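Notes follow the structure.
Throughout, protein chains are lettered first and strands after them, A, B, ... in sequence-line order, and every chain is numbered starting at 1. The structure presented is a predicted model; accordingly, all values stated were derived computationally and were not measured.
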2 protein chains.
Amino acid sequence: MARPRIGQERREEILAAFETCVARKGFAGTTLADVAQEAGQPRSLVRYFIGNRADMVNALIDRLLLRGEEQFRQWPGHGTPEDMHRFVLDRIFADQTTNIVIMELWHLALRDDALRTRLAAVYKQVILEVATMMADENDPHPEVQDRAFSAVALAFGTAFFRYLGIAPASPARIRAITHRLLDHDFLSAQELET
Amino acid sequence: MARPRIGQERREEILAAFETCVARKGFAGTTLADVAQEAGQPRSLVRYFIGNRADMVNALIDRLLLRGEEQFRQWPGHGTPEDMHRFVLDRIFADQTTNIVIMELWHLALRDDALRTRLAAVYKQVILEVATMMADENDPHPEVQDRAFSAVALAFGTAFFRYLGIAPASPARIRAITHRLLDHDFLSAQELET
DNA sequence: GCGAATCTTGTCATTGATGACAATTTACGG
DNA sequence: CCGTAAATTGTCATCAATGACAAGATTCGC
């Protein structure tokens, strides 16, 4: 009985434009006018379809986190250390544009309890998935979880350092180190039980 | 022949207040009025003694980086892996307030080439210092540098994860892993030469 | 006390981003 | 073609943060 609703598509366009702007200028540096221009729409339409600024930020955060969580559903479930390493490095910490947006999320999370909790859940799940793969069972030992923790933390730190132009002399060596972390016999029994 | 200059002391007070505000609300969230209130001075004085906003941000960045570089001059120069580990974790990645400010610096560095370069120099030096301690010589092998890289990246990632409330089941286990990274015989010769 | 440099106060204009909203146009069902 | 809900345009007020600056007060050497 009326004009057909195209709100959802418009929302998607606007959020995609917002994400592009955030990757380029950050959350704080992106104005509604920036997003509107990037989306090729007048600013009033951005407000009409999404709402005020807080609504827009929340919508983008949801979109980003949902996309991140979606990646886990494509998780292989088991595999060699090489598989795990490739998955973590190539899928989770690889795309530079995505990484910039992730850093923006981290920054927001510094002063947003709810976001911090959600972000924590994502990384906890990454660690748990890696540990599950390592142990090939559903409830891996704390020792395995901590080795997964260290492998993911190492990958995380490496990804951040890459932004500063700091890279290892040999990336293959870092990969070898990570493989050792993921191997069963990395630490002596004595060290593991500490 | 005139009123005595107290500009330097005032500058210090203002920058200290600015740092407090940045730790609390971030660079983007801190206004000149916030700083002025924190310092107990009218806003016009902040402008008088430091200048405009860009001047203030640059002054704080200088202050922070100089303080960070200062820490290296207290570096022990050599020591056991335990010493290194304690130094890196307790001195570089320990203080929570400082860490928040460091994260703010990282965020700024995303879109500030000069800052990114300076920040990179700091972390490169940390890695080089660790590698020098490990090898106990001035020009450590690339292999040693990469192990130092991985140890520092792991510490970095661990510190960031702590903000999300993500901690290993046993911090001691992470410490043991780090010690292994710093040990000479961590990787086989074959892996090292990759 | 006086000149001079420095500090201090207070106010005003500008700017950029946001929120609000009236007026108009579009596209569909009947 | 007509009513209606949705979409679209354009404009205006507000608000916070900044920058600029005039006017006055302080403290020194002389």
Side-chain angles (χ1 to χ4, degrees), chain A residues 1-63 101 104 107-108 110-112, chain B residues 1-63 104 107-108 110-112 115:
Chain A
M1 339 163 166
R3 190 169 173 179
R5 288 169 162 268
I6 61 172
Q8 279 312 109
E9 307 159 31
R10 281 280 203 247
R11 271 180 70 93
E12 285 308 309
E13 293 171 22
I14 292 170
L15 287 179
F18 190 21
E19 186 175 340
T20 301
C21 288
V22 166
R24 189 158 47 216
K25 302 168 59 172
F27 277 100
T30 298
T31 70
L32 296 188
D34 292 332
V35 177
Q37 182 173 21
E38 179 71 28
Q41 300 171 16
R43 192 178 68 89
S44 3
L45 276 196
V46 172
R47 279 198 50 96
Y48 176 72
F49 283 112
I50 299 221
N52 62 21
R53 186 168 221 285
D55 296 332
M56 226 171 76
V57 171
N58 288 331
L60 182 56
I61 289 175
D62 283 341
R63 181 186 155 100
V101 177
E104 290 291 332
H107 187 248
L108 280 190
L110 276 184
R111 291 169 189 89
D112 181 333
Chain B
M1 336 166 165
R3 190 170 173 174
R5 288 168 161 271
I6 61 172
Q8 279 312 109
E9 306 160 32
R10 280 280 204 249
R11 271 180 70 93
E12 286 306 309
E13 292 172 23
I14 293 171
L15 287 180
F18 190 22
E19 187 176 340
T20 302
C21 289
V22 166
R24 187 158 49 218
K25 303 169 56 171
F27 276 101
T30 299
T31 70
L32 296 188
D34 292 332
V35 177
Q37 181 173 22
E38 178 71 27
Q41 300 172 16
R43 191 178 67 90
S44 0
L45 275 196
V46 172
R47 278 199 51 94
Y48 176 73
F49 283 112
I50 299 221
N52 62 21
R53 185 168 222 284
D55 295 332
M56 227 171 73
V57 171
N58 288 331
L60 183 56
I61 289 175
D62 283 342
R63 181 186 154 101
E104 290 292 332
H107 187 247
L108 280 190
L110 277 183
R111 291 170 190 90
D112 181 332
L115 174 56

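- For A/Arg3 and D/dA6, the CZ to P distance is 11 Å, given to the nearest whole Å.
- Considering only side-chain atoms of A/Arg43, the nucleotide from D/dT11, D/dG19, C/dC7 that sits closest is D/dT11.
- In this structure, the CD1 atom of B/Ile6 is 12 Å from the P atom of C/dT6, given to the nearest Å.
- In this structure, B/Gln41 places its CD atom where more than 12 heavy-atom neighbours from other residues, nucleotides or ligands lie under 6.0 Å away.
- Proximity of A/Glu104 to B/His107: side-chain heavy atoms (C-beta onward) are separated by under 4.5 Å at one or more points.
- When each of B/Pro4 and B/Ser44 is assigned the nucleotide of DNA chain D with its nearest heavy atom, B/Ser44 is the one assigned upstream, toward the 5' end.
- With rounding to whole Å, B/Phe27 atom CZ is found 17 Å from D/dA17 atom P.
- Candidate nucleotides D/dT18, C/dT9, D/dT8 were compared by shortest atom distance to the side chain of B/Leu45, and C/dT9 ranks first.
- In this structure, B/Phe49 reaches the sugar-phosphate backbone alone: every heavy-atom distance under 4.0 Å involves primed, P, OP1 or OP2 atoms, never a base.
- Within 6.0 Å of atom CD in A/Glu13, more than 12 heavy atoms from other residues, nucleotides or ligands are found, so the atom counts as buried in its surroundings.
- Taking atom CG on B/Leu32 and atom C1' on C/dT11, their separation rounds to 16 Å, with Å as the unit.
- Under 3.5 Å, the side chain of B/Arg53 and the base of D/dT18 form no donor-acceptor pair of N or O atoms.
- In this entry the distance linking CG of B/Asn52 with C1' of D/dC21 reads 15 Å, nearest Å.
- With rounding to the nearest 0.5 angstrom, the OG1 atom of A/Thr31 is 6.0 Å from the NZ atom of A/Lys25.
- With distances taken from any side-chain atom of B/Thr31 to the nucleotides D/dG19, D/dA17, C/dA27, the minimum falls on D/dA17.
- You'll find that the side chain of A/Arg47 is closest to C/dA20, out of C/dA20, D/dT9, C/dT8.
- A straight line from CZ of A/Arg10 to C1' of D/dT8 spans 9 Å, rounded to a whole angstrom.
- Distance B/Tyr48 OH to D/dC21 C1': 13 Å, rounded to the nearest Å.
- Of the inter-residue distances, the one linking A/Arg11 atom CZ with A/Ile14 atom CD1 reads 8.5 Å to the nearest 0.5 angstrom.
- Across the protein-nucleic acid pair, A/Arg11 atom CZ and D/dA6 atom C1' stand 16 Å apart, rounded to whole Å.
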